[in-house]
Amino acid sequence: MKRARAIELAESVITRLHTQRDEPPLNVVSELHVFGSFARGATEVGDLDLDFEVDAPSPQWTALARSLPSRSFPRL
């Protein structure tokens with residue numbers, strides 16, 4: 001995917017984390033890290049690699065983890 005598309009996806013995740021930060025399951029996310037080719041500045045990236053840090057394992061975290069696709073983000 002083009003870097004511009006990866007930026008759109010990253011911005012949508014950040015916006016959702018910000019606007020829904022008090023709602024389960026996002027209320028357990030304490031940090032978000034971006035890594036991989038996008039973080040290195042590549043103009044073409046295979047995917048958007050994100051690492052979510054949580055305050056503590058909980059049923060809410062399980063719900064968040066299950067809601068994310070295992071290979072890539074869905075198209076918005």
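Just so you know, these numbers come straight off a predicted model, no measurement behind them. Numbers here simply count residues along the sequence, with the first being 1. The basis for the numbers below is simple: all heavy atoms, side chains too, and nothing from hydrogens, waters or symmetry mates.
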ILVMFWY network linking Leu9 to Ile7, side-chain heavy atoms under 4.5 angstrom = yes
So CG of Leu17 and CG of Asn27: to nearest 0.5 Å the spacing works out to 11.0 Å
Return yes when atom CZ of Arg16 has more than 12 non-hydrogen atoms of other residues, nucleotides or ligands closer than 6.0 Å, and no otherwise.
-> no
His33 atom NE2: more than 12 heavy-atom contacts under 6.0 Å | yes
What are the two closest heavy atoms between Gly36 and Asp49, and how far apart are they?
-> CA-OD2, 3.6 Å
Met1 reachable from Val34 in the ILVMFWY side-chain graph, under 4.5 Å edges | yes
Closest heavy-atom pair and its distance - Asp51, Glu53 | OD2-OE2, 2.6 Å
Out of Leu26, Leu32, Val28, which one pairs with Phe52 under the side chain to side chain contact (heavy atoms under 4.5 Å, CB included) rule?
-> Leu32
Compile the donor-acceptor pairs under 3.5 Å between side chains in residues 39-46 and protein atoms, sequence neighbours left out, one pair per line.
residue : atom : partner : partner atom : Å
Glu44   : OE2  : Lys2    : NZ           : 2.8

